[in-house]
Amino acid sequence: MKYRNIILTGFMGTGKSSVGKLLAEETGFVYRDLDALIVAETGKSINDIFAEQGEQFFRGLESKIVSRVAQDRGQVISTGGGAVISAENRQLLHAAGAIVNLTAPISEICLRLEGDADRPLLRHANSRQRIEEMLAEREPYYADADIRIDTGGKKVEDVVAEILDFIRRSG
Ligand code: S3P
């Protein structure tokens, strides 16, 4: 395979974790979730980090973890929805492997995130409007990918099959 790692990017609720876990099984790669690594390293939940230290501090931790995992190989890396905002993170991730951006129609994203208490950025404003604004702001960063896959209405298995097909075609 041409790529050292497969990196999943995308907004909250686009299916990175479920797709990533199955993709890891199918490829034999190790599954790594950036948020889970941050929680393991700090011993704190993402919510608590945001509440106690703020978003900038969280972004610093996220970048540290990105630069660490980017040195490894044989991983399916699920990134947090905001990890690709940083140009430096994007550059490190591009150099580390294939960037697969998962998308979903806004209505589906809203449904999947409804009542979610674990996403601090949506905690106080889990509204369609806020989600639309964030998606628009982040669109250029999500577009900076090797392939974009719409997960809307698809089974996890089908999304994984599309990714595997892309990886095979890439040589
Ligand atoms: C964030 C997405 C979350 C998590 C944090 C910030 C974002 O990850 O990293 O709450 O800025 O979009 P998921 O995309 O896995 O929910």
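Every number for a ligand or one of its atoms is a count from 1 in the order of the listing.
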task = Measure up the Phe11 and Tyr142 rings against each other and bin them: parallel (under 30°), tilted (30 to 60°), perpendicular (over 60°).
result =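 If you compare the ring of Phe11 with that of Tyr142, the planes turn out perpendicular.
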
What atoms in ligand 1 come closer than 4.0 Å to a heavy atom of [X]?
X	result
Gly80	8 (O), 9 (O), 14 (O)
Phe58	9 (O)
Arg119	16 (O)
Pro120	10 (O)
Arg138	7 (C), 11 (O), 12 (O)

task = Report the residues that fulfil salt bridge (Lys or Arg N to Asp or Glu O under 4.0 Å) with Glu26, sequence neighbours left out, ordered by chain and then residue number.
result =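 Counting only residues at least two positions away or on another chain, Glu26 forms no salt bridge (Lys or Arg N to Asp or Glu O under 4.0 Å).
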
request  = Evaluate whether atom CD of Glu55 has more than 12 neighbouring non-hydrogen atoms of other residues, nucleotides or ligands under 6.0 angstrom away.
outcome  =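 Counting other residues, nucleotides and ligands, CD of Glu55 exceeds 12 neighbours.
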
ask   = Is ligand 1 under 4.0 Å from a heavy atom in the side chain of Leu121, in the backbone, in both, or in neither?
value =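 Looking at Leu121 and ligand 1, just side chain atoms fall under 4.0 Å.
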
task = Give the residue and atom name of whichever protein heavy atom lies nearest to atom 14 (O) of ligand 1, and the separation in Å to one decimal.
result =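 Going atom by atom, the protein heavy atom closest to atom 14 (O) of ligand 1 ends up being Lys16 NZ, 2.5 Å.
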
query = What protein heavy atom sits nearest atom 2 (C) of ligand 1, and how far away is it?
reply =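 Result for atom 2 (C) of ligand 1: Gly81 N, 3.3 Å.
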
message = Checking the side chain of Arg128 only, and the main-chain atoms of Cys110 only, is there a donor and an acceptor separated by less than 3.5 Å?
response =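 Answer holds: no.
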
query = Is Thr151 reaching over with its side chain to a backbone N or O of Thr103, donor-acceptor style, under 3.5 angstrom?
reply =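 A pair under 3.5 Å: yes.
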
ask   = Looking only at non-hydrogen atoms, which of Met134, Glu62, Arg59 approaches atom 11 (O) of ligand 1 most closely?
value =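 Heavy atom nearest to atom 11 (O) of ligand 1 belongs to Arg59.
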
query = Do any nitrogen or oxygen atoms of Asp35 come within less than 3.5 Å of a nitrogen or oxygen of ligand 1?
reply =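 Min N/O separation from ligand 1 is below 3.5 Å for Asp35.
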
query = Taking all non-hydrogen atoms of both residues, which atom of Ala70 and which atom of Ala96 are closest, and how far apart?
reply =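 Shortest heavy-atom separation between Ala70 and Ala96 comes out as O-CB, 3.7 Å.
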
query = For Ile167 and Met1, which heavy atoms make the closest approach, and how far apart are they?
reply =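 So the minimum-distance heavy-atom pair works out to CG2-CG, 3.5 Å.
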
